[in-house]
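Okay, so here's the structure we're looking at.
Because the structure is predicted, anything quoted here is derived from the model rather than measured. Naming: A, B, ... by sequence-line order, numbering from 1 per chain. Atoms considered below: every heavy atom in the structure, side chains included; atoms not considered: hydrogens, waters and symmetry mates.
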4 protein chains.
Amino acid sequence: MAVEIEKVPQTMRAAVLFGPQDIRVVEKPVPRPGPGEVLVKVAACAICGTDLKILAHPDFLHSPRLGEFTPGHEYSGTVVAVGETVDEFHIGDRVAVEAHKGCGRCENCVMGLYTACLNYGNVAKGHRTVGMTVDGGFAEYVINHVNTLYKIPDNISFAEATLVTTAGTPIYAIDQSGSLVAGETVAILGPGPIGLMAVQVCRAMGADTIFLTGTRPSRLELGKQMGADVTINVRESDPVEVVMDYTRGRGVDLVLECAGGPDSPDQAVRMAKRGGKVVFVAYYKGPVTLDLNVPVRNNVQMYTIRGEGRRACARALSMMSRGLIHAAPFITHRFPLEAIGEALRTFAEDRDRAIKVVVEP
Amino acid sequence: MAVEIEKVPQTMRAAVLFGPQDIRVVEKPVPRPGPGEVLVKVAACAICGTDLKILAHPDFLHSPRLGEFTPGHEYSGTVVAVGETVDEFHIGDRVAVEAHKGCGRCENCVMGLYTACLNYGNVAKGHRTVGMTVDGGFAEYVINHVNTLYKIPDNISFAEATLVTTAGTPIYAIDQSGSLVAGETVAILGPGPIGLMAVQVCRAMGADTIFLTGTRPSRLELGKQMGADVTINVRESDPVEVVMDYTRGRGVDLVLECAGGPDSPDQAVRMAKRGGKVVFVAYYKGPVTLDLNVPVRNNVQMYTIRGEGRRACARALSMMSRGLIHAAPFITHRFPLEAIGEALRTFAEDRDRAIKVVVEP
Amino acid sequence: MAVEIEKVPQTMRAAVLFGPQDIRVVEKPVPRPGPGEVLVKVAACAICGTDLKILAHPDFLHSPRLGEFTPGHEYSGTVVAVGETVDEFHIGDRVAVEAHKGCGRCENCVMGLYTACLNYGNVAKGHRTVGMTVDGGFAEYVINHVNTLYKIPDNISFAEATLVTTAGTPIYAIDQSGSLVAGETVAILGPGPIGLMAVQVCRAMGADTIFLTGTRPSRLELGKQMGADVTINVRESDPVEVVMDYTRGRGVDLVLECAGGPDSPDQAVRMAKRGGKVVFVAYYKGPVTLDLNVPVRNNVQMYTIRGEGRRACARALSMMSRGLIHAAPFITHRFPLEAIGEALRTFAEDRDRAIKVVVEP
Amino acid sequence: MAVEIEKVPQTMRAAVLFGPQDIRVVEKPVPRPGPGEVLVKVAACAICGTDLKILAHPDFLHSPRLGEFTPGHEYSGTVVAVGETVDEFHIGDRVAVEAHKGCGRCENCVMGLYTACLNYGNVAKGHRTVGMTVDGGFAEYVINHVNTLYKIPDNISFAEATLVTTAGTPIYAIDQSGSLVAGETVAILGPGPIGLMAVQVCRAMGADTIFLTGTRPSRLELGKQMGADVTINVRESDPVEVVMDYTRGRGVDLVLECAGGPDSPDQAVRMAKRGGKVVFVAYYKGPVTLDLNVPVRNNVQMYTIRGEGRRACARALSMMSRGLIHAAPFITHRFPLEAIGEALRTFAEDRDRAIKVVVEP
């Protein structure tokens, strides 16, 4: 039950998934926020690689609810109604979101590990991942629990604020690894949006030399502009060799594996210094193997994360607002909601060097 | 709304606070569990020092609700009804409780720091401390959120299970300090229930020499039986001197300050080894001072806790069930609910060497 | 230069490696302790799996010095001479050893990570691993730096004290993982000496259910006697299935991978709970692979160690002295130094259910 | 014994302490580096508050060696000779120093806590603090152990490199506290050199709002230029009130107490958020008291450090070299060695808004 509400229409336009590769913009009822929840009028919603997986394999979701479900989890907008007990946000607040809300009652959530919630997908018990287990942001309106909302500082646009998860993910990786970053050498594998943002984040936290690996020259060039000191095209050189040469055989303090390729985990553990750290930020398509003997002999610690936990998005917004990290260079394309199909194809097919494609309902 | 419910009466007997030192057993409606909540038929509820504070100064509470409020936060019992969405517990389950449930939505709760909830006392937003901000266990029935419940292993009695917070508190202290305890020397200041249980906990985690300080010879003797190697009567000897002599000037790895006296914090920081750790487990009656220069020069880290956080009660129950820590020696007195006044006086006045006084509704 | 010295002969009997599988007891000069060093008269030296590797492949060592080098790194004895500046130990002290002394000047040593010393094998710079990069304990006398020595409490025999590394290794693993163990469920893979001792260590630190996997029924039986709750013969059942059944699909908090087999790492990551921890304690014979996607999706952190770091041996001795862990059941065979060949074969061939074979010079 | 040596004279000019407030520049033999040591030709040596303490109370030192001892611990220079085993540095290397070298053999050093060495002042056992327990940098030449040296990147001047400890100290404080800083609010008490540098360091690590307190308007102004968002003159306003107003009652995530005044510790614990952190960076002149009840009730963790540990100076140099922190604005005065008396007075009396006074031998 909403306790404070603006004039909100009864229905809205929303993208709905009807089957594999079948997404359509339809008319849907505007949802109403429950206790602890807020209704957000979406201003911008970016497309993420996970959206493509959902589109291709809706059964990837816990409950695809074909014909009903609206994806989209990287969005921003304005609060237009607040549910019972909500005083953290008010009508008119500009907000960015993080995807995960833990159930708040499993042992992982109680201990602060909410992205690894043991009740993942169990909406009744309080878990939700917007745009995955509940409706998301490719719509005019969307419901969010207060735990998943962050106020957007005035100097950040709605479009920029859609990048808050992209930035929160490498920040969470660094937090999980216990690394201070300042003065440390870092290797970042994979110049996707998360890898590129990781470059910016590490730079903003005081890193020393940053290495970035990838295959697309344009992306590596962009990485350089964003702060990478050394870029390595893995099609041209062995990235482990380059890093080892450059560091005179020492290796780097921290590796952020954001590539998700079949070889990148093995490269990651081979690049780390003796006693160094690797965080596996990416997900993998199938079984991935690495020679475990390498990190074992070199005393390399290996961390994993799930998404953008430990309120890393709050850190991301602060860093954006202070001009320490920049979202604007990522936003290469914008489409209205009705053109979501075109938007998805632009992203999927990497058209015109697309990095982030933003839908604006 | 309860979804599963046993035959439960409409009203019950419950101790209610009417004013300072004025607690009476009256007839009250039996509450009904909401979503995520459980109704517990109380089997045993122990008296804690905080209960005496509440009795003496009801305005110590966020909202004393005189004439309505039932204290008691160290209890155990049997689940007799479960609210919506609850599948973690079932009717008939024997359960122990921890006092704190965080709101689940402030930044501290989201990060796992639920005993330091920023919405402390805000029931509407989801915070509750049973027996303090909501009704507690000096009654036939009480409501608990699932986050605050732990199943009691078969080999632990209800009375023993009331000690789970007493044990959870020093366990949380150790967890917060990052200490492994195994092979470490530990000084525990104050042989109250928490200090004595701390002796058992440290012993069960593999401590080396355990020092215990206090003033009452009977308590120190008990501490010895529970595993302390060296007991120090602070009326007879300077505890810092004794510890330093015994450790040949090194000091101890870890100090658990459970005394809460005016001098004990200063003793704590002086007893720790250079580079050692102190946890302030006790609360203090008024301003307490210590010479900060001592820990600063000796590079001693100082930790604080609030209650029994980080699911330490689950660890406590496991350790009890495996016979590693023992609650039975603490339970010196038992009273029926109608004699709660007598029970409180027995505890307050330390009659017959009372340690823990248990009320059995 | 020794500053305090007992009557020590000029020469001694020592086992010397002459080539693969060629170890002979010969006469050698007794070494003299330098600054910060001590001369130990060896009382007992246990055989470790690494000794077999050295025997089979002397080139496994940084510098095998065939015809000169004496292996043996798990020993105990009595101080008979101390070098300059040594006041930590005195003639007559009974001492146990840890194998690793870091150089003390590389960045890893300075930060406390001495078993991962970057100057491994560089004796000139101060690194040494007794019995590997410098002469070890299969001899009447051996040199140790004070950093590698621990006084043996009176109630521990020399033979028992040779197990201090065996115990220190799982303790270091637990320390590295940040696990408290108390109240946690633990799976230990591999009932070798380190795995069996890990059972005892976890039990002594307050673990809840301990699972132990292996192939030899006698070892699993021994593990049960030492404190394992559930033993799993991996030839008869799928250990991941058993653990998951027993924990109702949750998995364990901590996995200590002590098996070093080709499948055990993969089992380890599959047994850990979502958000759990794995420590790879064993070394592997060749490239070992695991499906990285499992720990990534389950947010499992993966730690590695090298040997018995962070002064874990001091913890081990304390725990032994207090009767929390027991070395005696491990010592199945004893031989005089002259029978070292027989001793090595007994261990290598697992004769008479050998666990630890001790040589007594 | 030096193994590589340039033309170095037999004697040198050096400032020597003859008694309280009696420092004279005299002729002294040039020392020779031992194993693991390097001879540095000093280019610049900054004056630190500790130097004034030493000058006023030479007995503050473990062994003042009046008539012989040369103070000065914040210096930089060029390697002119290297001792045995040294391959980390070569003749001609430009180097900055950190003051502390641990003994490398006490339990604290072995665990990486070298600034809290248990053999502090014991030169024979390997401990040394340059300019305090052994001769320092107010001289033409000085000996350093390789553990205390860091190569100076080309784009940092010798004078700037003397600030490496000033920067290393707050970096170590942050490291000890486990704080990520990025996106966090920080209060820094005291705009001395360390406090001002802390402002820069926190800014360079991605801090959100930075508060700085002090009494001198010029210093607060400087702090603002260096990155503080809010400066508070404690003579004009209550700093706790200002911070609480600004943060709407929340308090800050991290407090770095660099003031060392009688009230600043109490302010520090009152400014921290519930669940926040305080690091006591400063030393205190005498007993200092604070109301412990405040951090206890607010679950505030309190950390201490000693100097610039955990190789924080390496981080500092990296950050300087990348232009993330700036030393130049600190260097207000320069004097030749012969004018050291004048230099000390300039610093002590705060002449001409002196911040850092550098002596150039």
Measuring only between side-chain heavy atoms, which start at C-beta, is [X] closer than 4.5 Å to [Y]?
| X | Y | value |
| --- | --- | --- |
| Thr289(C) | Leu290(A) | no |
| Asn293(A) | Lys285(C) | no |
| Met302(C) | Thr304(A) | yes |

Select, from Asn108(A), Leu113(A), Val281(A), Leu118(A), the one with the greatest count of heavy-atom pairs under 4.5 Å involving chain C.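 Among Asn108(A), Leu113(A), Val281(A), Leu118(A), the one with the most close pairs to chain C is Asn108(A).
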Among Val294(A), Asp291(A), Val279(A), which residue has the highest count of heavy-atom pairs closer than 4.5 Å to chain C?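 Of the candidates given, the most pairs with chain C belong to Asp291(A).
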Quick check on the structure: residues of residues 254-274 of chain A within a heavy-atom distance below 4.5 Å of chain C, by number. Pro265(A), Lys273(A), Arg274(A)
Which heavy atom in Asn299(A) sits nearest to a heavy atom in Ala116(C), and how many Å separate them? OD1-CB, 3.6 Å
Residue pair Gln301(C) / Tyr303(A): nearest heavy atoms and the distance that separates them: OE1-CA, 3.1 Å
Quick check on Tyr246(C): does its OH atom have over 12 non-hydrogen neighbours (other residues, nucleotides or ligands) under 6.0 Å away?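 No, because the 6.0 Å sphere around OH of Tyr246(C) holds 12 heavy atoms or fewer from other groups.
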Between Arg306(C) (side chain) and Asn298(A) (backbone), is there a donor-acceptor pair under 3.5 Å? no
Heavy-atom distance under 4.5 Å to chain C: side chain of Val300(A), backbone, both or neither? backbone
Got a sec, which residues hit salt bridge (Lys or Arg N to Asp or Glu O under 4.0 Å) with Arg250(A), two or more places apart in sequence or on another chain? Asp253(A), Glu107(C)
